2 protein chains.
Amino acid sequence: MARVEIGQHLGMSPASVSDLTASLLDEGILVAEESADQTSGLIRGRPKTRLFFAETLGSVIGVWTGFNRVELRLVDSAGRNRASRHIERPLRNLEAEELMDVLAQTIAAFAQDTGAGTVKAVGLACQGYVDTRDGIVAWSPVLGTRDLPLASGLSQRLGKPVLIENDASAMAFAITQRNADLRSGRTACLMVGDGVGLGFLVQGELYRGARFGNSEFGHVRLRRGGPQCRCGGRGCIEAYLADYALHRDAQLIDHRPAPTLLLPGEDAMGAVVEQARAGDPALLNLFHAAGEVLGDAVGILIQTLEPDHIVICGPGTRAMDLLRPSFEAALEAQTIPELRALAAIHVVESSMDLLTEGVVMQALRELDLDLARLKAA
Amino acid sequence: MARVEIGQHLGMSPASVSDLTASLLDEGILVAEESADQTSGLIRGRPKTRLFFAETLGSVIGVWTGFNRVELRLVDSAGRNRASRHIERPLRNLEAEELMDVLAQTIAAFAQDTGAGTVKAVGLACQGYVDTRDGIVAWSPVLGTRDLPLASGLSQRLGKPVLIENDASAMAFAITQRNADLRSGRTACLMVGDGVGLGFLVQGELYRGARFGNSEFGHVRLRRGGPQCRCGGRGCIEAYLADYALHRDAQLIDHRPAPTLLLPGEDAMGAVVEQARAGDPALLNLFHAAGEVLGDAVGILIQTLEPDHIVICGPGTRAMDLLRPSFEAALEAQTIPELRALAAIHVVESSMDLLTEGVVMQALRELDLDLARLKAA
DNA sequence: CGCCATTTATTCAGCAGATGAATAAAACAA
DNA sequence: TTGTTTTATTCATCTGCTGAATAAATGGCG
């Protein structure tokens, strides 16, 4: 990014930007690059010299832990993606210490194999009630234990600062970083997939509640006495919308034994969706009910947060066509038109790659590694 | 407040405060007062000279419009309450123009009768979806019309700046201004009475959503196919908890005709509560159901906003003893213990006086009348 | 009664960050 | 070559704030 643009972004004069960047260039934290490339024609005047973070300042590893999968990604200090890997490894039956050992080994092996150079920090995203500030996972459906001091545990084992974050929050952050429109005003990202998570951003900054953020919105109990949820409650949003719930209920319709798997794969979910699209009435009912719950959930979000943008993302969007009619009807029944008109609803296809990218960006931001510390550390 | 205290509050050095206040004292916006009074003993050192806003800079009128009542309050620039009045006057059957005429006349007469001197601004609070920024009431159960440009209408008639605000937001602001603890972190104030409104504050500042704030949280639909609500929907939080709903359902239990009044008086509500306290099982059921809804509502607030403080206020707290058992049970069923532990729940008795005070403070703040403009205008 | 301790308020030199104006630099166009 | 356009830097300056020193105003105490 050129100095003038930085100034516009930060609301500063170009003179100030020159001042500040000069010392960073001296120290080698930034590098200037003559921009040979130029897209659109009609460029006159002195060409802008773009400034980049140096690539040699070390890198950051982003990790996502799912039910039986760990995704890893290595990003260098210039923000370029260097390597990624995913490993099939169920974590949910491990004891706390063993869990952290396995995770630390997995991360260390990844760093070694990719010749990562100095890894400055690790960011890890997982489902559940994550206390980012204190680095504690209070409860997670993925990790069996309660009140797990995950950040300090990994930090000790790896000898690096570790930031942990709820996965929906990380995804929301990544999505808003990709789309400038979503960074102004308030954006609520509802991630539907393994579970249902929320990331809420105000002016591009993640909203932090008293401890966890509002990311486990999926455990709002919408229907008294509704279906069983992983959290132990009944009638949570998740218990209708999450992959495990849809898959479970689909099996029950077919009078098959209730599945023990808490995470049906993409194949299994695809099969359910296809069968519904083919017109299976019982399955259509299932998606109809799920769409209603989604509409109610979005309605509650609109009424409590009044966001300018609502993003529905995650693997669950694969069935958006089945959900949409009842989703829209339920939303309409919940909110007055003036209120509904405020929030633009976006459906965004988002991969797990995006998620690990998000947690890397969050780690850089939250751990104050942006500038001087990268050099010092 | 003394200069040293101002400095501590703003995180500035006393030197700076002296600097800044000097010019304001010159201009007569502030006045210094030798503090003769002193509460606790053991005062040594040079006594602090307290600074006040001058009383002569004009005043502000705060107004609350209820269903058949208008409350008015005159506050001088030093923040002292000068006069208040309440008038029985139903507004809900008036056309838009007539409504604004009546309100303007009422306010003007109040200003005249109290010898208010120069009234610099008017703040008005009412129920409903209030767009404070543009001064529009999109919908209100009190005022029949839709999309009423109330601020500009009154401003033209009175020749003064007018700020309009949702009444629950105004109440929330007043409550947090009275209690310093509630100004740090996030505070959600649920006002239960004529309706159910919400005011949410982050670091003492009212949260503003895309347009309305989240003040009409009472119209979140909790129970599909529940009782009728004033908004036209069914099963809203309000339709269980608001005075009109409790009163209506109590009448129906006794097989009396459904009441047409949308606002039972304090007498009528007191009678219902007393009857329930005396052990009437059907009425106890009513309050049991209302308490459950309150618990669900607070649970949703905790999961979406994750506040540090939750305040339950408004006339509805009169029946808190009847609501509490089912309230607490429902809240417990909704949230995991770690989450529930974060929010301290306060039940605050709050009068309508406090509300008009709140809207005056908001008017001063939002209309930038704090300092120089008061002198200039 | 006079002196000391204590707290509040003011003065003043100086610093840090940002700015506007002027200038230099680097390209393209004619 | 000269002019135009845009980017970047230099520099004097300004603003807001600060720490240290000082003045002011009181009570406590011998």
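Please read these numbers as outputs of a predicted model, since none were measured by experiment. Reckoned from all heavy atoms, side chains included, excluding hydrogens, waters and symmetry mates. So you know, we letter chains A, B, ... as the sequences are listed, proteins then strands, and number each from 1.
- Between B:V4 and A:G11, the residue anchored closer to the 5' end of DNA chain C is B:V4, taking for each the nucleotide with the nearest heavy atom.
- Nearest heavy-atom pair across A:I175 and A:C313 is CD1-SG, 3.7 Å.
- Side chain of A:A15, nearest nucleotide from D:dT10, D:dA8, C:dA9: D:dT10.
- With distances taken from any side-chain atom of B:P47 to the nucleotides D:dT26, D:dA8, C:dA9, the minimum falls on D:dT26.
- Of all nucleotides listed (C:dT19, C:dT10, D:dT18), C:dT19 comes nearest to the side chain of A:S13.
- Here the P atom of nucleotide D:dT9 and the CG atom of A:D26 are 11 Å apart, to the nearest Å.
- Which of C:dA9, D:dT18, D:dT26 sits closest to the side chain of B:S16 comes down to D:dT18.
- In this entry the distance linking NZ of B:K48 with P of C:dT10 reads 14 Å, nearest Å.
- Heavy atoms of A:G7 sit nowhere under 4.0 angstrom from any nucleic acid atom.
- Regarding contacts with the backbone of D:dT9, a side-chain N or O of A:R3 is found under 4.0 angstrom from either OP1 or OP2.
- Between B:E165 and B:R208 there is a salt bridge, with a side-chain nitrogen of the basic residue lying less than 4.0 Å from a carboxylate oxygen of the acidic one.
- For the pair A:L20 CG and D:dT9 C1', the computed distance is 14 Å after rounding to whole Å.
- Distance A:R46 CZ to D:dT6 P: 14 Å, rounded to the nearest Å.
- In this structure, CD1 of B:I6 is placed 20 Å from P of C:dT7, rounded to the nearest angstrom.
- Without hydrogens or angle criteria, B:S77 side chain to B:S59 main chain gives no donor-acceptor distance under 3.5 Å.
- The backbone N or O of B:V202 sits nowhere less than 3.5 Å from a side-chain atom of B:R186 that would complete a donor-acceptor pair.
- For B:Q8 and C:dA9, the CD to C1' distance is 14 Å, given to the nearest whole Å.
- For C:dA9, the OP1/OP2 oxygens have a side-chain nitrogen or oxygen of B:T49 closer than 4.0 Å.
- Nucleotide C:dA9 holds its P atom 15 Å from the CG atom of B:D19, rounded to whole Å.
- Nucleotides of DNA chain D nearest to B:G45 and A:E5 differ in position, and the one nearer the 5' end is that of A:E5.
- Of the residues A:I61, A:V60, A:T114, A:L74, the one that meets the side chain to side chain contact (heavy atoms under 4.5 Å, CB included) test with A:R82 is A:L74.
- A straight line from CG of B:L25 to C1' of C:dA9 spans 12 Å, rounded to a whole angstrom.
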